[in-house]
Amino acid sequence: QVQLVESGGGLVQAGDSLRLSCAASGRTFSSNTMAWFRQAPGKEREFVARIRWTGGSIYYADSVKGRFTISRDNAKNTVYLQMNSLKPEDTAVYYCAASYGSRWSGSRADYDSWGQGTQVTVSS
């Protein structure tokens with residue numbers, strides 16, 4: 001099992017930047033893909049970005065492409081989400097997730113471990 005702890009959320013104004021971190025511990029070698037999801041009030045949890053622990057594969061949701069950057073530090077077992085040009089519609093709880101399987105997926109069902117989430121609030 002992989003344990004995930006997110007940090008870095010907060011209250012910012014539109015146009016500002018934030019960097020989220022996700023520290024993984026436990027059986028980190030068993031996970032292949034790390035992802036960020038988010039859930040706004042009254043909405044379903046949605047995919048934001050994903051990255052492989054090895055190799056260069058990265059994928060973004062259209063809504064964040066060009067503004068958000070996902071990256072990893074394998075030595076620290078940490079995944080980051082750099083969020084620039086934030087918009088009020090980016091307001092949500094952001095969750096880090098780990099997938100043990102080999103599927104390259106943005107589906108919640110394909111992720112096995114989840115963090116507790118970190119709140120991001122963007123004011124207009």
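All heavy atoms count here, side chains included; hydrogens, waters and symmetry mates do not.
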Partner set under side-chain contact (heavy atoms from CB on, under 4.5 Å) for Ser107, not counting sequence neighbours: Ser105, Ala109, Asp110
Partners passing side-chain contact (heavy atoms from CB on, under 4.5 Å) against Thr121 (at least two apart in sequence or in another chain): Leu11, Thr91, Gln119
Side-chain donor/acceptor of Arg67 to backbone N/O of Ser85, under 3.5 Å: yes
Tyr111: ring-ring contact (aromatic ring centres under 6.0 Å, His included) partners, not counting sequence neighbours: Phe37
Which residues share a side-chain contact (heavy atoms from CB on, under 4.5 Å) with Gln116, sequence neighbours left out: Val5, Glu6
Residues Lys87 and Asp90 bridged, charged N to O under 4.0 Å: no
Within 6.0 angstrom of Lys65 NZ, more than 12 heavy atoms from elsewhere: yes
Residues forming a side-chain contact (heavy atoms from CB on, under 4.5 Å) with Ser25, sequence neighbours excluded: Gln3
Sequence-distant partners of Glu46, salt bridge (Lys or Arg N to Asp or Glu O under 4.0 Å), two or more places apart: Arg38
Salt bridge (charged side-chain N to carboxylate O under 4.0 Å, His left out) pairs, two or more places apart, involving residues 70-81: none
Residue list, salt bridge (Lys or Arg N to Asp or Glu O under 4.0 Å) with Arg108, at least two apart or on another chain: Glu44
Atom of Ala92, atom of Ala40 and distance for their closest heavy-atom approach: CB-N, 3.8 Å
Residue pairs passing the disulfide (SG to SG under 2.5 Å) test where at least one lies in residues 1-110, sequence neighbours excluded: Cys22-Cys96
For Val122, the rest of its hydrophobic cluster, which grows through side-chain links under 4.5 angstrom: Val2, Leu4, Val12, Leu18, Leu20, Met34, Trp36, Val48, Ile51, Trp53, Ile58, Tyr60, Val64, Phe68, Ile70, Val79, Leu81, Met83, Leu86, Tyr94, Tyr100, Val120
N/O donor-acceptor pair under 3.5 Å between Asn32 side chain and Gly101 backbone: yes
Sequence neighbours excluded, every pair satisfying disulfide (SG to SG under 2.5 Å) that has a member inside residues 36-90: none
Pairs meeting criterion disulfide (SG to SG under 2.5 Å) with involvement of residues 41-91, two or more places apart: none
Closest non-hydrogen atom pair between Arg52 and Ser102, with its separation: NH2-O, 3.1 Å
